[in-house]
Amino acid sequence: MIMPATEEEKQFIISRAAVTAKESTGSAMEISQEKAEGLLEAALYSGASLYVTRGDVGQLTGWILLGKQMDFITGKPVGFMFELYVLPPYRKKGLGKLLIQEGVSILKARGYEEVRFNVYTANPAKEMYSRLGFKELQTIMYI
């Protein structure tokens with residue numbers, strides 16, 4: 001079960017923003033703590049919500065940031081998972097899967113027909129997302 005993050009948990013999550021961003025890109029990109037915090041705070045300011053998982057004694061084990069984005073082609077709002085993170089000691093225990101499944105349920109309950117998120121090619125969790133039914137929508141290329 002996931003639950004809304006407390007203010008203390010939000011501050012901890014914000015304090016780890018650069019580490020989380022670096023891991024999600026497979027270390028492909030460097031991002032400053034200041035920039036990473038700004039992105040996270042902007043999502044929260046625009047109405048996104050942080051949900052967390054906690055261990056047996058109440059310790060934070062992982063989180064997901066849920067909100068909305070507009071599909072600029074169709075003009076329709078879609079549910080969006082801005083961030084998903086499981087702290088290293090709690091990985092490989094099904095928490096990522098739980099966060100995604102419950103995150104999708106929350107966004108669907110809010111009325112979104114579609115749920116999306118960005119995944120970097122080097123993200124080690126990419127295979128898990130595919131196993132959970134997510135399909136690739138676009139590819140961004142660079143040189």
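- Partners of Ala48 under the side chain to side chain contact (heavy atoms under 4.5 Å, CB included) rule, at least two apart in sequence or in another chain, are Ala43, Leu65, Phe82.
- Taking CD of Glu83 as the start and OG1 of Thr20 as the end, the distance is 5.0 Å to the nearest 0.5 Å.
- Between Met3 and Arg54, the closest side-chain pair of non-hydrogen atoms falls below 4.5 Å.
- Applying the side chain to side chain donor-acceptor pair (under 3.5 Å) criterion to Glu102, with sequence neighbours excluded, gives no partner residue.
- Residues passing the salt bridge (Lys or Arg N to Asp or Glu O under 4.0 Å) test with Arg116 are Asp71, Glu114, sequence neighbours excluded.
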Anything under 3.5 Å between a donor and an acceptor, one on a side chain of residues 103-110, the other on a protein residue two or more places apart or in another chain? List them.
residue, atom, partner, partner atom, Å
Ser105, OG, Gln101, O, 3.1
Lys108, NZ, Glu113, O, 2.7
Arg110, NH2, Tyr51, OH, 3.0

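- Not a single side chain to side chain contact (heavy atoms under 4.5 Å, CB included) links Ser46 to another residue, sequence neighbours left out.
- Linking ILVMFWY side-chain heavy atoms closer than 4.5 Å, directly or via other members, places Leu98 and Leu84 in a single hydrophobic cluster.
- Between Ile14 and Leu44, some side-chain heavy-atom pair lies under the 4.5 Å cut-off.
- What you find for Ile31 and Ala21 is that their closest heavy atoms are CG2-CB, 3.5 Å.
- Residues forming a salt bridge (Lys or Arg N to Asp or Glu O under 4.0 Å) with Glu41 (at least two apart in sequence, or on another chain): none.
- If you chain together ILVMFWY residues whose side-chain heavy atoms come under 4.5 Å of each other, Met70 ends up grouped with Phe72.
- Not a single donor-acceptor pair under 3.5 Å links the side chain of Glu37 to the backbone N or O of Ser15.
- Ile13 is listed as a side-chain neighbour of Leu60, based on a closest heavy-atom distance under 4.5 Å.
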Considering only distance and modelled atom types, tabulate donor-acceptor pairs under 3.5 Å from the side chains of residues 86-93, sequence neighbours left out.
residue, atom, partner, partner atom, Å
Arg91, NE, Val86, O, 2.8
Arg91, NH1, Glu23, OE1, 3.3
Arg91, NH2, Glu23, OE1, 2.6
Arg91, NH2, Tyr85, OH, 3.2
Arg91, NH2, Val86, O, 3.1

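- Rounded to the nearest 0.5 angstrom, Ile2 CD1 and Ile100 CD1 are separated by 10.5 Å.
- When every heavy atom of Ala36 is checked against every heavy atom of Ala18, the shortest pair comes out as CB-N, 3.5 Å.
- Looking at residues two or more places apart in sequence or on another chain, you find a side chain to side chain contact (heavy atoms under 4.5 Å, CB included) between Ala5 and Glu9, Lys10, Leu50, Val52.
- In this structure, OH in Tyr112 is found 12.5 Å from NZ in Lys76, a value given to the nearest 0.5 Å.
- For Glu8, the side chain to side chain contact (heavy atoms under 4.5 Å, CB included) partners at least two apart in sequence or on another chain are Thr6.
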